[in-house]
Amino acid sequence: MGIVNVTPDSFSDGGELFSGSSVDVDRVLNSVGDMLEAGVDMVDVGGESTRPGASPVGVAEELDRVIAAITAITQRFDVPVSIDTSRAEVIDAATAAGAELINDVRALQRPGALAAAVDSGVPVCLMHMQNQPAMMQSQPQYADVVGEVQGFLMQRREQCIVAGIDARDILIDPGFGFGKTTAHNLMLFKSLDQLVATGVPLLVGVSRKRMIGELLNASADQRLIGSVTMALLAAQKGAAIVRVHDVTETVQALKMLHHCE
Ligand code: 8Y4
């Protein structure tokens, strides 16, 4: 899964898909075209920055950003599009525009989001996050990070099934970096096999995240090798989908894994 950030303030891919105050559709299409050439299987379009301290985005603004991008992508390319959102209105509009996966860092807990997902008939990815983005990195605390994250995800999954989502249409994601210290992230990563053993397909997003920066003492533009390594390890441990910025390098690593397995 390749990341298509249509936020003006996203810090690692600092708004290069933006010009002035709106989405630069040509740049979005160029970026997606490059990812397709590199072998991407799906692109994840998001218009809300979850970075702590990012300015909150209104629903009209989020809709403007992502619907323009999704419409352009689905008109030009034959690639599945995932919509990274927590809002019911955006789920409605994005799936109407052709999005084929709902990727929600709030696990469909916002008002109306679960009903919108059910109505859309589209598969969902449920992610774990402790607290809200503004506060999540201030004091993350767990008695048992792996048990708590897995418990939350399986409980949320049951609620989605009860609401009418087919069990086969649900992915889970431990949410690396979302209300977790590097120690928490490492515990989760080392226990990925436990999540894989549930049989629920797993999505893993670690690309360029702070944990890699901390472990390698690497700034945001020095995290390529760390990111590709972790994506490869996640895939080797059984993750179904890896969410990445650097598609060319990650696809090469995954191809080598498949040749060598
Ligand atoms: C550099 C670049 C440093 C980006 C941090 C970041 C996930 C996700 C995000 C994830 C799923 C991010 C939308 C955060 N992370 N969705 N979204 N899983 N499913 N930060 O891990 O990439 S945004």
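For ligands, and for the atoms within them, numbers begin at 1 and follow the listed sequence.
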[X] atom [atom1], over 12 foreign heavy atoms within 6.0 Å:
{"X": "N131", "atom1": "CG", "value": "yes"}
{"X": "E261", "atom1": "CD", "value": "yes"}
{"X": "N217", "atom1": "CG", "value": "no"}

Exercise for review: Could you label the plane-to-plane angle of the F152 and H128 rings as parallel, tilted or perpendicular, counting under 30° as parallel and over 60° as perpendicular?
Suggested key: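 Perpendicular, since the angle between the ring planes exceeds 60°.
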If you measure from each non-hydrogen atom of [X] to ligand 1, which part falls under 4.0 Å: side chain, backbone, both or neither?
{"X": "V206", "result": "neither"}
{"X": "R210", "result": "neither"}
{"X": "V204", "result": "neither"}
{"X": "K209", "result": "both"}

Is it true that [X] and [Y] make a salt bridge, defined as a side-chain N closer than 4.0 Å to a carboxylate O?
{"X": "R243", "Y": "D44", "result": "yes"}
{"X": "D246", "Y": "R208", "result": "yes"}
{"X": "K209", "Y": "E214", "result": "no"}

Need the ligand 1 atom indices (1-based, order shown) with element for anything under 4.0 Å from a heavy-atom of [X].
{"X": "T50", "value": "23 (S)"}
{"X": "V105", "value": "8 (C), 13 (C), 16 (N), 17 (N)"}
{"X": "D84", "value": "13 (C)"}
{"X": "R208", "value": "1 (C), 3 (C)"}
{"X": "L203", "value": "19 (N)"}

Check your understanding: Any non-hydrogen atom of H245 lying under 4.0 Å from ligand 1?
Key ->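 It does, in that a heavy atom of H245 comes within the 4.0 Å cut-off of ligand 1.
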